[in-house]
K.L.:
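Submitted below is the structure of interest, expressed as structure tokens.
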Amino acid sequence: MAQQQSNRPSLLDGWRTVPNFVTMGRIALVVVFLIMLGIGGPDGSRGIGARWAAFVLFVLAAISDKLDGYLARKYNKVTELGKLLDPIADKLLVCGALVMLAAFGELNPGGWVITALFLIRELGITIMRFFVIDTGGSVIAANHAGKLKTLFECIGLGMVIFPMWTLVGGNTGFEGFYYWLSYAVVLVALVLCLYSGGVYVAQVKRAGGFGRKS
């Protein structure tokens with residue numbers, strides 16, 4: 001048992017890899033995105049240019065998620081730190097956007113309820129990941145349902161952030177249809193979010209619990 005404990009990879013083993021630097025860059029990109037979204041204000045009312053910039057940064061941050069994962073697999077640079085930071089970068093992007101959009105009133109009806117459910121799941125799983133590491137277990141990478149959840153989150157939130165109203169020329173009918181479509185995608189993401197959280201908890205239990213693997 002002691003020998004197996006010592007053979008477990010450290011969280012910082014191989015941390016200086018290109019995929020990890022890409023992930024760290026994504027986290028910095030998320031911070032800039034949130035600043036621009038805040039500057040733009042609700043529906044870009046305080047600055048439509050900032051709203052467009054926020055949308056572009058959101059897309060870049062979401063797309064770069066695939067880049068670090070691709071590089072890690074292609075060059076066999078999958079690390080414990082990468083498996084931890086990658087979902088954290090996703091959570092910062094999604095949860096930050098949710099809080100801002102809920103505060104702006106752009107996720108109604110039930111914007112804060114939707115946001116709270118996302119936050120409870122995302123923060124709960126993140127805390128669990130840290131606890132697994134602290135008790136000697138290995139980080140479990142995001143499951144397929146979790147990756148699908150991330151995809152729907154990015155599509156749905158991207159649709160909400162996208163300033164469609166600047167392009168439709170006062171066509172309130174299409175604008176309303178577009179809003180409810182984006183809202184529906186966010187709700188699908190919420191269902192996948194809660195489901196994938198349950199799958200992750202089950203994976204941890206099957207792996208032997210919190211650091212109690214023999």
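Just so you know, these numbers use all the heavy atoms, side chains as well, and skip hydrogens, waters and symmetry mates.
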K.L.:
Can you name the closest pair of heavy atoms from Cys154 and Phe58 and give their distance?
P.N.:
O-CE2, 3.3 Å

K.L.:
Answer yes or no: is there a side-chain heavy-atom contact under 4.5 Å between Leu187 and Ile114?
P.N.:
yes

K.L.:
Quick check: do Lys149 and Tyr195 have side-chain heavy atoms less than 4.5 Å from each other?
P.N.:
no

K.L.:
Whether the side chain of Tyr178 engages the backbone of Trp165 through a donor-acceptor N/O pair (distance < 3.5 Å, no angle test) should be reported.
P.N.:
no

K.L.:
Any idea which heavy atoms bring Ala61 and Arg26 closest together, and the distance?
P.N.:
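Here Ala61 and Arg26 meet closest at O-NE, 3.3 Å.
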
K.L.:
Would you say the side chain of Phe162 lies within less than 4.5 Å of the side chain of Leu167, judging by non-hydrogen atoms?
P.N.:
yes

K.L.:
For the SG atom of Cys193 and the CD atom of Glu153, what is their distance to the nearest 0.5 Å?
P.N.:
5.5 Å

K.L.:
Calculate, to the nearest 0.5 Å, the distance between atoms CG and OG1 belonging to Leu101 and Thr115 respectively.
P.N.:
8.0 Å

K.L.:
Out of curiosity, does Met164 fall in the hydrophobic cluster containing Leu57 (side-chain heavy atoms, cut-off under 4.5 Å, transitive links)?
P.N.:
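Yes, one cluster joins them.
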
K.L.:
Provide the closest heavy-atom pair for Gly158 versus Phe55 in the form atom of the first, atom of the second, distance.
P.N.:
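Closest pair (atom of Gly158, atom of Phe55, distance): O-CE1, 3.5 Å.
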
K.L.:
Cluster question for you: counting only ILVMFWY and a side-chain heavy-atom cut-off of under 4.5 Å, with indirect links fine, are Val160 and Val191 together?
P.N.:
no

K.L.:
Could you pull out all residues at least two apart from Arg51 that satisfy salt bridge (Lys or Arg N to Asp or Glu O under 4.0 Å)?
P.N.:
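For Arg51 the salt bridge (Lys or Arg N to Asp or Glu O under 4.0 Å) partners, ignoring immediate neighbours, are Glu106.
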
K.L.:
Starting at CG of Leu157, measure out to OG of Ser182 and round the result to the nearest 0.5 Å.
P.N.:
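It comes to 9.0 Å.
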
K.L.:
At their closest point, which heavy atom of Ile125 faces which heavy atom of Gly197, and how far apart are they?
P.N.:
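Of all heavy-atom pairs spanning Ile125 and Gly197, the closest is CD1-O, 3.8 Å.
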
K.L.:
Identify the two heavy atoms, one from Val30 and one from Ala89, that lie closest to each other, and give their separation to 0.1 Å.
P.N.:
CG2-O, 4.2 Å

K.L.:
A side-chain contact here means heavy atoms from C-beta on lying under 4.5 Å apart; do Leu92 and Ile27 qualify?
P.N.:
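Answer yes - side chains close enough.
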
K.L.:
Is it possible for you to say whether Leu123 and Val94 belong to one hydrophobic cluster, with membership spreading through side-chain heavy-atom contacts below 4.5 Å?
P.N.:
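No, no single cluster joins them.
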
K.L.:
So, for Phe118 and Ala189, which heavy atoms are closest and what is the spacing to 0.1 Å?
P.N.:
CZ-C, 3.8 Å

K.L.:
Restricting to ring-ring contact (aromatic ring centres under 6.0 Å, His included), what partner residues turn up for Phe152, sequence neighbours left out?
P.N.:
none

K.L.:
Output a table of donor-acceptor pairs, distance under 3.5 Å, between side-chain atoms of residues 31-47 and any protein atom two or more places apart or on a different chain; print 'none' if there are none.
P.N.:
from  : atom 1 : to    : atom 2 : distance (Å)
Ser45 : OG     : Pro42 : O      : 2.9
Arg46 : NH2    : Gly38 : O      : 2.9

K.L.:
Quick check on the hydrophobic clustering: are Val186 and Ile120 connected, directly or via other members, by side-chain heavy-atom contacts under 4.5 Å?
P.N.:
no

K.L.:
Answer whether the closest heavy-atom distance between the side chains of Leu107 and Leu98 falls below 4.5 Å.
P.N.:
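When only atoms from C-beta onward are counted, Leu98 and Leu107 do touch, with a gap below 4.5 Å.
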
K.L.:
Mind checking the SG-CG spacing from Cys95 to Asp90? Nearest 0.5 Å is all I need.
P.N.:
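These two atoms lie 10.0 Å from each other.
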
K.L.:
According to a 4.5 Å side-chain heavy-atom criterion applied to Ile, Leu, Val, Met, Phe, Trp and Tyr, with indirect links allowed, do Tyr179 and Leu190 form part of one hydrophobic cluster?
P.N.:
yes

K.L.:
Side chains of Leu117 and Arg121: closer than 4.5 Å at any heavy-atom pair?
P.N.:
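A side-chain contact is absent here, since even the closest heavy-atom pair is not under 4.5 Å.
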
K.L.:
With under 30° as parallel and over 60° as perpendicular, where do the rings of Trp180 and Tyr183 fit, or are they tilted in between?
P.N.:
perpendicular

K.L.:
Are any of the side-chain heavy atoms of Leu192 and Leu151 separated by less than 4.5 Å?
P.N.:
no

